**Student:** 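Handing you a structure now.
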Protein chains: 2
Amino acid sequence: MNQKNDVCRHRLMIARDTLEVIQGKWRLPIIISLNHGNKRFGEIQRDITDISPKMLSQELKALETNKIITRTLYDSMPVTVEYSLTPLGESMRKLLDEILNWGIHFRKEILETSIDN
Amino acid sequence: MNQKNDVCRHRLMIARDTLEVIQGKWRLPIIISLNHGNKRFGEIQRDITDISPKMLSQELKALETNKIITRTLYDSMPVTVEYSLTPLGESMRKLLDEILNWGIHFRKEILETSIDN
DNA sequence: TATACTAGTTACCTCTTAGTAAGTAGTTAC
DNA sequence: GTAACTACTTACTAAGAGGTAACTAGTATA
């Protein structure tokens with residue numbers, strides 16, 4: 001039974017790497033938004049309606065240091081900034097799909113089993 | 001461009017359902033641990049070495065109310081309690097796999113690209 | 001009688017996360 | 001000159017997530 005347990009503990013360690021990147025209220029929403037195309041600061045804000053500029057700015061920086069997204073400044077007037085997924089960010093697509101798939105499944109299950117509400 | 005944006009916003013709403021269930025430091029680790037077989041309180045604690053009994057108890061309750069896990073009490077001596085995944089909890093297997101897959105990919109990328117450290 | 005096992009609970013404290021509101025800077029249009 | 005657009009930043013505050021340590025309860029063993 002010790003070998004089985006080592007496999008479990010190893011997986012728990014790997015999961016922590018992923019969790020450190022996606023943990024928090026806003027990181028996955030930002031990644032999902034950018035998964036639908038490169039976007040400017042204001043466009044992301046309009047997708048995620050209840051995020052404040054402070055949190056968006058802060059989380060974009062965190063995702064940039066984790067090499068998930070890239071910031072590109074365009075010298076237009078007024079200045080525009082475009083955010084896009086890096087290849088590493090794009091490699092999360094399957095993970096995002098599973099989050100969405102399970103979310104749909106979860107909602108269906110919850111609605112089916114609860115006659116109340 | 002409005003249709004594309006509506007799809008994006010809809011996905012963001014679905015993602016929130018999933019995030020509400022898995023958000024936090026300990027929920028996914030607990031689910032991963034139980035994905036490797038039914039376990040007792042103490043066994044989960046031994047898998048996730050740095051979780052405190054308070055947090056484990058608290059998060060197990062949250063997962064139970066979300067119908068992800070089940071608590072079964074055995075009237076042995078001393079009393080033992082077994083936690084197991086519900087069908088809904090088991091339906092997260094694909095999602096867990098993607099979290100692990102991406103964690104492995106992320107670690108490989110980080111080690112490859114950073115010559116420092 | 002004291003220790004150990006099971007599975008937790010409780011009180012208190014700290015630290016991080018997130019929210020609010022206002023301000024900044026550069027350019028353009030009225 | 002004033003408002004509006006871009007993309008933020010800053011300071012202050014509130015909430016809650018999580019950590020620590022000690023305690024509970026029931027049974028069994030030395």
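Small disclaimer: the values here were computed from a predicted structure and weren't measured.
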**Student:** Where along nucleotides 23-30 of chain C does protein come under 4.0 Å, by heavy atom, of base (B) or sugar-phosphate alone (S), with - for untouched nucleotides?
**Tutor:** ---BSS--
**Student:** Which side chain to side chain donor-acceptor pair (under 3.5 Å) pairs, counting each pair once, include a residue from residues 45-57 of chain A, with sequence neighbours left out?
**Tutor:** A:S33-A:D47, A:K39-A:D47, A:D50-B:R16
**Student:** What salt bridge (Lys or Arg N to Asp or Glu O under 4.0 Å) pairs are there with at least one residue in residues 94-105 of chain A, not counting sequence neighbours?
**Tutor:**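 Listed by first then second residue: nothing to list.
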**Student:** ring-ring contact (aromatic ring centres under 6.0 Å, His included) with B:F106: which residues, sequence neighbours excluded?
**Tutor:** B:W102
**Student:** Quick one: side chain to side chain donor-acceptor pair (under 3.5 Å) partners of B:R93, sequence neighbours excluded?
**Tutor:** B:N35
**Student:** Report the residues that fulfil side chain to side chain donor-acceptor pair (under 3.5 Å) with A:N101, sequence neighbours left out, ordered by chain and then residue number.
**Tutor:** none
**Student:** So which pairs with a foot in residues 58-70 of chain B pass side chain to side chain donor-acceptor pair (under 3.5 Å), sequence neighbours left out?
**Tutor:**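 Of all non-adjacent pairs touching residues 58-70 of chain B, those that pass side chain to side chain donor-acceptor pair (under 3.5 Å) are B:R27-B:E59.
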**Student:** Please list, in numerical order, the residues of residues 34-43 of chain A that have a heavy atom closer than 4.0 Å to any atom of DNA chain C.
**Tutor:**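 Within this stretch, nothing sits under 4.0 Å of the strand.
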**Student:** Which nucleotide wins on minimum distance to the side chain of B:R71, given the candidates D:dA7, C:dA7, D:dT9?
**Tutor:** C:dA7
**Student:** Got a sec, which residues hit side chain to side chain donor-acceptor pair (under 3.5 Å) with A:T80, two or more places apart in sequence or on another chain?
**Tutor:**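 If we apply the side chain to side chain donor-acceptor pair (under 3.5 Å) test to A:T80, skipping adjacent residues, the hits are A:S76.
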**Student:** At what angle, to 10 degrees, do the two end axes of the helix from C:dT1-D:dA30 to C:dC30-D:dG1 meet, given five pairs define each axis?
**Tutor:**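 Its terminal axes enclose an angle near 20°.
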**Student:** Collect all protein-nucleotide pairs involving nucleotides 10-18 of chain D in which both atoms are nitrogen or oxygen and the distance is under 3.5 Å.
**Tutor:**
unit_1 : atom_1 : unit_2 : atom_2 : d
D:dG18 : OP1    : B:K25  : N      : 2.8
D:dG18 : N7     : B:K54  : NZ     : 3.4

**Student:** Does anything in residues 9-17 of chain A come within less than 4.0 Å of DNA chain D? Heavy atoms only, and list the residues if so.
**Tutor:** none
